[in-house]
Amino acid sequence: MLGELGTSSLTVGLLCATLTALLWLRVALFGTPTRPARLATAATLTTAAVACGVLEAALLRHDFSVRYVAENGGRQVPLYYTVTSLWSALDGSLLLWLLVLGGYAVLLAGRRYPARLQAYAMVVVSAVTVFFFALSCFAANPFRAVDPVPADGPGPNPLLQQHPAMGVHPPLLYAGYIGLVVPFAFALAAPLAGREGRGWLRVARPWTLVAWAALTAGIGLGAWWSYAVLGWGGYWAWDPVENASLLPWLTTTAFLHTALGPGARRAGWNLVLACASFVLVLLGTFLTRSGAVASVHAFTDSPLGPMLLGFVLLAVVASTILTGWRPPEPAGRTASPVLLSRSTAVLVNGVLLVTIAAVVLIGTIFPLLSGPLGGVRTSVGPDYYHRTAVPLAIVVLLAMGVTPALRGHDRTRALRRLAVPGAVALATVAVVGLLSRPGLPALTAFGTAAFVLTGLAGELPDRFRRSGRGRLAGLVAHAGIALVAVGVAGSSAYGRDAERTVRTGETLRVADVSIRLVGVDRRGDSGGMTVRARLRLSESGEAERTVTPVLRYHPARDTVVTLPAIDTGLLRDTYVTLIAVSPDDGSATLRLAVNPLVGLLWAGGALTAAGGLGSAIATARPRRVGTPRDRARPASGAVRAGAAG
């Protein structure tokens, strides 16, 4: 029953999405009232919500006649992870994708923008919705029946049942990913809307900031989740799926900056960045859901690959045609660039960010290219990214610190503004280098971060004086990025680890931290076998305490999950992983890592996301859009049509 209801909701949703696209196209071409199109948009969202609700009900009722539940549900799965199972596997996650996409569509349809611009943008969003409904209906229907019906299911992947972030990280990431469809839609709509499309950057910016903030929070939360669950002690492994989330973040960051102030005149550059960001989202979706790349995060092989790849190519072609076909810039809107200016610095930073994205993209898809080109499928390791992306990131950080000082036309004054941050940076490099010798990359990162943070601190009085929540929020976001840089550099340069098999009573030591194996406990239940190592952790100057890293075997998936024990301090984490235990003598193989300054990663990520959200709120205030002539004509036919809806 639930299976039939779910399939019906997907079918109706596909029809509603198609109707929505046609109705918005009619609005764009003929200026008809928008009310029918808005109602169809709401109906499409409703069908997506019904599909999600039905699948959620099937999971909660353990209806194993539904294929998705049979493959991802389980009677022993805790309630929280049963609820989050909706997005724990390929087909269910597409329903969440549809729900978020439908939500964005309804919000966009409910706003008041220049009628033709909004209508064409809604056509694009609706076309994307049609594709994903078709994907769910024809290639990834989670409601297909199972015969014979199993008595129980294996539950979701055990890695997804170990941390509460499962309930937050994927929805946040989806909100960021899918939100980029709105600037993409405006970028494609702008050339089609003609004069009404000239204000697209202004109306797209709040949407882009919301998506960017959500994507930032999702990436940060995902890094923290990986750190807390996977047991390898790191936060970023240059995994293809991790990279897939980083790529649109980089291009969107570039877009947000180049679309500001005089940079907004670079229409072609901004159109390309807005389109590239969503195309990279689609490419990431393809990499995640096609089985094209091997990753701990990726879904398994699926028939979705060809359809997704085809849609990526279609998006690239449409973007190329529409961004290449646009009205010439009005006379006087393109000014000659000034070498030492804020606009040029922002542009340079944007180019650097796009270059990093290109470097990461090449490394990510290299396994797909190496097979056809060289006959052997190979991948690049972290060294490739460290040698290419990291130096570029440090230059981006440096440019980020220089840019605020270049406001105004007085270059001498601008150079004076850089004097104090420059002196602080040099002092930081000298002191840190003499005291700890962390290596050139980390030392450069420390100095650059000090340069940025000092410059931002110097900006504070001016930001307060000139008011503007958006300006302050932007400052917070930049400070967050600098803190992340310090966290990455500190944990990389000063992190130490050791791995060894120890018997009961023996000790493993790293720097001034040691762990002594007290014993190994084993416990079995219907859900599997759990092994805990009882360890006494001691650090110089602190009392001993007990930590218990865990190994858990899940027979339903025939998988062993490692749960590290993390002792979090103000300046460093002590990270203990139980790798294996001996069945005979109670010895255990342990990994002990000391990770300094890693907490700055999470704090910096949170600040960056908060800054992005603050900027979105500040820029979302109602503004008049369109050309001055448009605003002087309050009742054009198209605008009347929009108001009638």
Side-chain angles (χ1 to χ4, degrees), residues 21 24 28 97 101 104-105 108 113 116-132 176-194 196-212 215 244-260 263-287 308-329 347 350-351 353-358 360-361 364-365:
W24 280 111
W97 180 290
L101 182 57
Y104 273 113
L108 180 58
Y113 296 127
R116 295 190 73 220
L117 176 66
Q118 182 179 28
Y120 276 120
M122 285 302 303
V123 170
V124 175
V125 173
S126 302
V128 174
T129 310
V130 169
F131 170 74
F132 279 96
Y177 253 11
I178 301 164
L180 294 178
V181 73
V182 179
F184 171 72
F186 277 127
L188 294 190
L192 295 170
E196 287 190 31
R198 289 178 189 161
W200 79 275
L201 272 177
R202 191 183 304 167
V203 298
R205 183 169 178 78
W207 296 92
T208 311
L209 280 166
V210 168
W212 183 85
L215 190 56
S245 66
L246 182 63
L247 289 168
W249 187 89
L250 289 166
T251 52
T252 305
T253 306
F255 170 61
L256 283 171
H257 287 81
T258 57
L260 279 173
R265 296 170 185 165
R266 302 184 187 95
W269 175 249
N270 291 317
L271 286 169
V272 168
L273 284 179
C275 293
S277 298
F278 188 66
V279 168
L280 287 172
V281 166
L282 295 175
L283 181 64
T285 307
F286 163 71
L287 294 174
L308 281 167
L309 186 59
F311 196 63
V312 171
L313 296 176
L314 179 63
V316 170
V317 171
S319 302
T320 304
I321 292 174
L322 288 176
T323 57
W325 173 66
R326 64 180 192 277
E329 289 299 303
L347 179 62
V351 171
L353 286 166
V354 172
T355 306
I356 295 174
V360 175
L361 178 62
T364 304
I365 64 173

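In this text, all values refer to a predicted model and were calculated from it rather than measured experimentally.
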field: Option among Leu246, Thr251, Leu247 that satisfies the side-chain contact (heavy atoms from CB on, under 4.5 Å) test with Trp249
entry: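 The residue from Leu246, Thr251, Leu247 that satisfies side-chain contact (heavy atoms from CB on, under 4.5 Å) with Trp249 turns out to be Leu246.
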Sole residue of Leu273, Leu271, Val272 in side-chain contact (heavy atoms from CB on, under 4.5 Å) with Trp269: Leu273
Say you draw a straight line from [atom1] of [X] to [atom2] of [Y]; how long is it, rounded to the nearest 0.5 Å?
X: Leu250; Y: Leu353; atom1: CG; atom2: CG; answer: 6.0 Å
X: Ile365; Y: Leu283; atom1: CD1; atom2: CG; answer: 7.0 Å
X: Thr129; Y: Leu101; atom1: OG1; atom2: CG; answer: 3.5 Å
X: Leu256; Y: Leu201; atom1: CG; atom2: CG; answer: 10.5 Å
X: Phe186; Y: Asn270; atom1: CZ; atom2: CG; answer: 15.0 Å
X: Thr285; Y: Phe278; atom1: OG1; atom2: CZ; answer: 7.5 Å

message: Ring-plane angle category for Phe132 and Phe311, please: parallel below 30°, perpendicular beyond 60°, tilted otherwise.
response: perpendicular
- request: Check the angle between the aromatic planes of Phe255 and Trp200 and answer parallel, tilted or perpendicular using the 30° and 60° thresholds.
  value: parallel
- prompt: Given the rule in the side-chain contact (heavy atoms from CB on, under 4.5 Å) test, do Leu308 and Phe131 qualify, once you have shown the distances and angles that lead to the verdict?
  reply: CA-CA 9 Å; Leu308 281 167; Phe131 170 74; 4.0 Å; yes
- request: Start with the C-alpha distance between Thr253 and His257, add both sets of side-chain angles, then the distance that settles side-chain contact (heavy atoms from CB on, under 4.5 Å), and finish with yes or no.
  value: CA-CA 6 Å; Thr253 306; His257 287 81; 3.8 Å; yes
message: Please evaluate residues Tyr120 and Leu188 with respect to the criterion side-chain contact (heavy atoms from CB on, under 4.5 Å), reporting the C-alpha separation (whole Å), side-chain torsions for both, the decisive distance (0.1 Å), and the verdict.
response: CA-CA 8 Å; Tyr120 276 120; Leu188 294 190; over 6 Å; no
So which heavy atom on [X] is nearest to which on [Y], and how close?
X: Ala190; Y: Gly197; result: CB-O, 3.6 Å
X: Val279; Y: Val312; result: CG1-CG1, 4.4 Å
X: Leu180; Y: Pro248; result: CD1-CB, 3.9 Å
X: Ala127; Y: Ala21; result: N-CB, 4.4 Å
X: Cys275; Y: Thr323; result: SG-CG2, 3.7 Å
X: Leu322; Y: Pro191; result: O-CG, 3.2 Å

query: Side chain of Gln118, backbone of Leu108: donor and acceptor closer than 3.5 Å?
result: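 Pair found, side chain donor or acceptor close to backbone of Leu108.
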